[in-house]
2 protein chains.
Amino acid sequence: MYYLVQYLPLHQKQQGNMAGRPKIFDEKEVVEKAVDVFWKKGYEAASADELLAAMGIGKGSFYLAFKGGKKELYEKSLKQFSDTYDKQLSHDLSESKDQVEFIRHFFLSLADDPTAKIIKGCYLGNALVQLSDGDRDTKLVAAQLLTRTEHIFTTVIRKAQEEKKIKNTARPEVIGKYLINLWNGINITRRSNPNTEDLREMLEMSLKVLD
Amino acid sequence: MYYLVQYLPLHQKQQGNMAGRPKIFDEKEVVEKAVDVFWKKGYEAASADELLAAMGIGKGSFYLAFKGGKKELYEKSLKQFSDTYDKQLSHDLSESKDQVEFIRHFFLSLADDPTAKIIKGCYLGNALVQLSDGDRDTKLVAAQLLTRTEHIFTTVIRKAQEEKKIKNTARPEVIGKYLINLWNGINITRRSNPNTEDLREMLEMSLKVLD
DNA sequence: CCAATATTGTACTAATTAGTACATAATTAT
DNA sequence: ATAATTATGTACTAATTAGTACAATATTGG
């Protein structure tokens, strides 16, 4: 016997037709709050109490909604962050007149970021460095999400090559990896040296691959 | 009245002429053991007990020798690691016939590292990512040490430019930063994608700045 | 041999951790 | 209204944390 089941999008609240006391929070919203804490403190150093305070919910609600505890919350935060980020990036790219130029500007703007004082790095890159061997599965999630962003770059490059907009004839996968590697590097390098001018020149040198 | 004081190198044990029970450990040796633990587990996740076990000393000895506790141990481990690393790198460079070629090979070899399965990244880069805002001073130590390695690259590049061994006429500081940024990037990128072939091609593309 | 000194090992503390148990509260369906 | 269901808040637990206190130990100099 088979049943027709309606799969609702996860973000659609089903409160209206469900029995029981209603949730006082929206999962997406509290995960977003958790991202802030994890990003600022790091995975290990972010305590459950601190997370709950930021999320504005109590332990009862939390461990009911996130049965896997802190780890589940972190994985969900990685996914949600990455989804939002990639979606925004893809959208901005589709809106831009010159996608290669957009990427160039995207990287160059990292040299004079006004938020440079509080350098938090890349949320996914941080995960790869902060997670220990015990959290191999979570690490893998972060790795896959970062690879997804890499693919966005790769796709732009492939298209630009087809349209003869860039001279570089290397495989698009290689240029895409080059770009994500540049991104990964900057997120470390910026933390160790705030010299904006050298950083800018270094970025300009790096972006010659897009000529 | 002035006295002539003989300053002994720190690593020279002065036990022979000192009163009191002799130390059962050598500080450099135990710090080296601690590096292993910090590198594998990360700063936060490395517990004092675990560190002490690896170092083979008890709490009494530890807190006497490292009054600043875990934090002092970590800072010392950063310095000692970096000293050893830079010294080795400088030595290898001075031994090599072609220093630019050495650097090129140094980076290319990262693509087929036999220890790729256990990717621990850069000890100093990890520190920059793993330390939270509360450990700003320790972070600064790591940043300065990483900059020192950058300067080693810069010096090689400057010399190579003077000797017309590379065509790239950008400021050596910029090329040096480019190289340390490449290093920082790879130590993240390798963790997210073990595809050796793409990585190798990406590195070859990156190293064109050394032509 | 004894005083002075430095190191060691153990037992303890006080704080913090993640997570559980469960009574209470707020909702829907009948 | 009341039964069923789901969420919430609080009080608790059990483990782990970094670090301290201090008596016992091993050395040097006199």
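Residue numbers begin at 1 in each chain, while the letters A, B, ... track the order of the sequences. What you see is a predicted model, and the numbers here were worked out from it, not measured in a lab. Values below: all heavy atoms of this structure, side chains included; hydrogens, waters and symmetry mates excluded.
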Problem - Sorted by number, the residues of residues 60-70 of chain A with heavy-atom contact under 4.0 Å to DNA chain D - result: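 By residue number: A:Gly60, A:Ser61, A:Leu64.
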Problem - Six-ring centre of B:Tyr43, B:Lys70 cation under 6.0 angstrom, axis tolerance 45° - result: yes
Starting from [atom2] on [N], measure out to [atom1] on [X] and report it in whole angstrom.
| X | N | atom1 | atom2 | value |
| --- | --- | --- | --- | --- |
| B:Glu72 | D:dG19 | CD | C1' | 14 Å |
| A:Ile24 | D:dT8 | CD1 | C1' | 7 Å |
| A:Lys41 | C:dA18 | NZ | P | 12 Å |
| A:Met55 | C:dA18 | CE | P | 13 Å |
| B:Tyr74 | D:dG19 | OH | P | 15 Å |

Problem - A:Lys41 atom NZ: more than 12 heavy-atom contacts under 6.0 Å - result: no
Problem - Non-hydrogen side-chain atoms of B:Leu203 and B:Ile186 separated by less than 4.5 Å - result: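 Yes - at least one pair of side-chain heavy atoms lies under 4.5 Å apart.
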Handout entry: Flag side-chain contact, heavy atom, 4.5 Å: A:Leu128 against A:Lys139
Key =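 Yes, at least one pair of side-chain atoms sits under 4.5 Å.
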Hey, what are the protein-to-nucleotides 14-16 of chain C N/O distances that come in under 3.5 Å?
none

Handout entry: Rounded distance [0.5 Å steps], CG in A:Asn181 versus CG in B:Asn187
Key = 9.5 Å
Practice task
State whether B:Arg104 and B:Glu101 are salt-bridged, where the test is any N-O pair (Lys NZ or Arg NE/NH1/NH2 against Asp/Glu carboxylate O) under 4.0 Å.
Solution key: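 Between B:Glu101 and B:Arg104 there is a salt bridge, with a charged N closer than 4.0 Å to a carboxylate O.
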Problem - Phosphate OP1/OP2 of C:dG9: any B:Lys59 side-chain N/O under 4.0 Å - result: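 So the side-chain polar atoms of B:Lys59 never come under 4.0 Å of the phosphate oxygens OP1 or OP2 of C:dG9.
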Exercise for the section: Using the test side chain to side chain donor-acceptor pair (under 3.5 Å), find all partners of A:Thr138 that sit at least two apart in sequence or belong to another chain. Expected result: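 For A:Thr138, the residues satisfying side chain to side chain donor-acceptor pair (under 3.5 Å) (neighbours in sequence not counted) are A:Glu75.
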Handout entry: Given DNA chain C, 5'-ward residue of the pair B:Gly56 and A:Ala48, judged by closest heavy atom
Key = B:Gly56
